[in-house]
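Excluded from the calculations below are hydrogen atoms, water molecules and symmetry mates; all remaining heavy atoms, backbone and side chain alike, are included. Order of listing sets the numbers, starting from 1, for every ligand and every atom in it.
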Amino acid sequence: MYYFMLCKVLVIIGCVTAGLAVAKSKECDVLVVDEDNVTVNCSKRGISAIPDSWPEQLAAVNKDSQVRITLFNNSITDVTQFPVAPGARVAISLRANRIVEIRDDAFNNIERLFFLDLSYNRITGEVLRSEIFQGPYNDGVYADIALETLDLAHNEIHSLDRYLFQYTPNLTRLDLSDNPIEILDHVTILALSSATQLEVLNLSGTGIDDIPLDAFRGLVNLQMIDLSNNKFVTVPESLSLVGTTLKYLTFNNNPIVELNDDSFIGLSNLYELEVGENQLLEEVKRSTFTPLKRLRVLHLCHNPNLRFISHLAFRGLKDKWTLKEVYLDDNNLSELSTDLMPWGKLEVLGMTNNDWLCNCDLANIVTKQEAGTKFKSGEIPYCAAPMRLAGEYITNITGFCPTLDSTPESAKNKKFSFGNLRPKHLLWSIFGVAMVALFGMLLGLLVNTLKTFYKTKVKSQPIKYVNINADSSFA
Ligand SMILES: *[C@@H]1O[C@H](CO)[C@@H](O)[C@H](O)[C@H]1NC(C)=O
Ligand SMILES: *[C@@H]1O[C@H](CO)[C@@H](O)[C@H](O)[C@H]1NC(C)=O
Ligand SMILES: *[C@@H]1O[C@H](CO)[C@@H](O)[C@H](O)[C@H]1NC(C)=O
Ligand SMILES: *[C@@H]1O[C@H](CO)[C@@H](O)[C@H](O)[C@H]1NC(C)=O
Ligand SMILES: *[C@@H]1O[C@H](CO)[C@@H](O)[C@H](O)[C@H]1NC(C)=O
Ligand SMILES: *[C@@H]1O[C@H](CO)[C@@H](O)[C@H](O)[C@H]1NC(C)=O
């Protein structure tokens with residue numbers, strides 16, 4: 001058989017050229033995890049063409065089983081027709097080869113192909129024609145194939161064929177990340193919007209700065225999208241077209257400067273939002289999160305210039321609060337407003353690695369509103385300022401705040417410390433001491449005056465009395 005002959009040729013070449021490297025150029029292994037789960041391992045074998053048959057054990061597997069065929073990290077350039085493979089669900093990985101061509105009918109023998117990984121190859125848009133996904137030819141038409149997951153990441157795709165998804169009606173996950181798409185042109189948009197079952201779409205690292213409305217018009221099932229590592233200066237408005245289904249939005253590393261009340265408009269079903277690593281993001285403005293009426297998890301991390309979150313950022317959400325996890329780690333925040341959110345309703349809060357100014361507002365959030373109980377263990381943020389509190393855990397700063405002294409937990413066992421005194425308190429103390437001293441002096445003066453008065457009176461009285469007596473006796 002061609003494939004085994006090829007292996008032998010490689011072995012010989014290997015022997016001649018690279019000595020010990022030969023050991024790697026051998027036929028595929030079949031791993032039977034259990035009778036319903038079989039892997040054909042052809043990874044890293046120096047294979048340069050699609051095998052023309054599978055190891056014999058594969059013929060014996062249960063026809064309902066899940067079969068994974070991996071040709072990861074070989075040097076295949078041309079994907080010719082795959083030999084028939086059994087199994088109710090077949091997954092094929094051609095990741096990390098050198099593919100530049102895929103033949104019509106390549107997967108035609110594998111009707112039950114549900115997963116195909118073509119990532120890390122050299123595939124261009126021209127290679128991706130609808131014919132490559134044609135199923136078996138019956139009665140003058142090509143059947144569909146079962147494909148659900150298609151990974152095209154890290155290729156050389158600029159544009160997609162308008163009919164690419166013609167034979168893959170069940171496509172639910174599509175990864176186009178790290179391709180030089182740059183502009184979603186008319187045909188690419190038609191292709192995308194024809195994949196109406198799409199639930200997961202990865203467009204990260206594609207160099208795009210805009211998504212035209214039409215791209216999303218057909219995607220009535222889209223639940224998850226990744227738009228990271230692109231050139232968006234705003235969150236694309238077109239997302240609102242999929243707002244009723246979209247649950248997960250990842251928007252990392254884009255050149256946005258602010259988030260505002262337009263950013264997430266219409267995303268009323270969003271469950272988890274991640275906005276991180278945006279080097280230029282400085283500000284989250286009022287009502288930014290207001291449209292996100294079902295949001296449960298918010299990641300707003302690793303934005304090194306994010307300095308300000310409006311106290312009205314969650315405006316209108318407080319009555320029906322849904323957020324459980326909020327991560328604000330690794331930003332450039334120094335203050336948060338006490339009424340930013342109902343802190344006590346969170347389950348997890350992350351605040352590490354910011355420039356926290358440990359003032360009474362922060363103490364209020366952490367202690368009185370119990371945000372301090374939501375930190376993960378080992379992830380207690382600490383103060384950056386004022387200087388005398390720098391490095392102190394923010395859960396340890398409550399002592400000096402007057403309104404907090406009445407809260408039983410924090411205040412009861414608090415020991416007095418000069419470290420906790422703020423200038424204002426110090427002034428009051430000095431004033432107090434001065435008042436006491438003054439009062440003491442006045443009291444002393446009064447006593448002295450009284451003494452003098454008493455002495456004079458007592459000493460002079462008998463004389464006077466005598467005198468009076470004398471006088472009266474005279475009288
Ligand atoms: C098959 O086995 C692999 C490897 O142990 C495992 O990761 C996978 O979840 C299994 N799949 C099924 C359907 O049991
Ligand atoms: C497949 O084979 C390669 C090369 O022998 C090996 O490195 C790899 O661990 C194998 N994979 C599995 C899942 O057994
Ligand atoms: C594939 O294998 C080669 C060695 O044969 C190695 O240099 C390369 O890094 C591997 N690629 C991947 C993606 O693992
Ligand atoms: C697509 O999915 C449906 C529902 O699971 C299934 O009935 C149908 O056979 C699938 N289509 C193909 C071509 O496998
Ligand atoms: C954080 O903000 C301060 C000004 O408030 C600025 O000086 C500093 O460079 C910022 N940090 C980073 C990592 O950008
Ligand atoms: C925080 O306070 C507790 C108890 O008051 C103390 O045991 C702990 O050492 C303090 N931590 C820091 C970092 O000062």
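- A donor-acceptor pair shorter than 3.5 Å cannot be found between the side chains of Ser263 and Thr288.
- Checked by atom type, the side-chain pair Asn359/Glu335 shows a donor-acceptor distance below 3.5 Å.
- The ligand atoms of ligand 3 that sit less than 4.0 angstrom from a heavy atom of Asn73 are 1 (C), 2 (O), 3 (C), 8 (C), 10 (C), 11 (N), 12 (C), 14 (O).
- For a heavy-atom separation below 4.0 Å, the residues in contact with ligand 4 are Arg112, Asp144, Ile145, Ala146, Asn170.
- Applying the salt bridge (charged side-chain N to carboxylate O under 4.0 Å, His left out) rule to pairs touching residues 74-98 yields Asp78-Arg103, Arg89-Glu148, Arg95-Asp117, sequence neighbours excluded.
- No option in Asn108, Leu113, Leu94 other than Leu94 meets the side chain to side chain contact (heavy atoms under 4.5 Å, CB included) test with Phe82.
- The only option from Lys247, Lys324, Glu272 that meets the side chain to side chain contact (heavy atoms under 4.5 Å, CB included) definition with Arg296 turns out to be Lys324.
- Close contacts of ligand 3 with Phe72, meaning ligand atoms under 4.0 Å from a residue heavy atom, involve 14 (O).
- Proximity to Asn41 (heavy-atom distance under 4.0 Å) selects the following atoms of ligand 2: 1 (C), 2 (O), 3 (C), 8 (C), 10 (C), 11 (N), 12 (C), 14 (O).
- Judged purely by distance below 3.5 Å, without hydrogens or angles, the side chains of Ser159 and Asp185 pair a donor atom with an acceptor atom.
- Proximity of Leu31 to ligand 2 is established by a heavy-atom distance of less than 4.0 Å.
- If you number the atoms of ligand 3 from 1 as listed, the ones under 4.0 Å from a heavy atom of Ala96 come out as 13 (C).
- For ligand 2, the polar-atom distance check finds no N/O of Lys44 at less than 3.5 Å from any of the ligand's N/O atoms.
- Look at Arg122 and Glu156 and you find no salt bridge, because none of the NZ, NE, NH1 or NH2 atoms lies under 4.0 Å from a carboxylate O.
- With Ile157 as reference, Leu152 is the one residue of Thr206, Asp178, Leu152 to meet the side chain to side chain contact (heavy atoms under 4.5 Å, CB included) rule.
- Of the candidates Trp343, Trp321, Phe264, Phe314 forms a ring-ring contact (aromatic ring centres under 6.0 Å, His included) with just one, namely Trp321.
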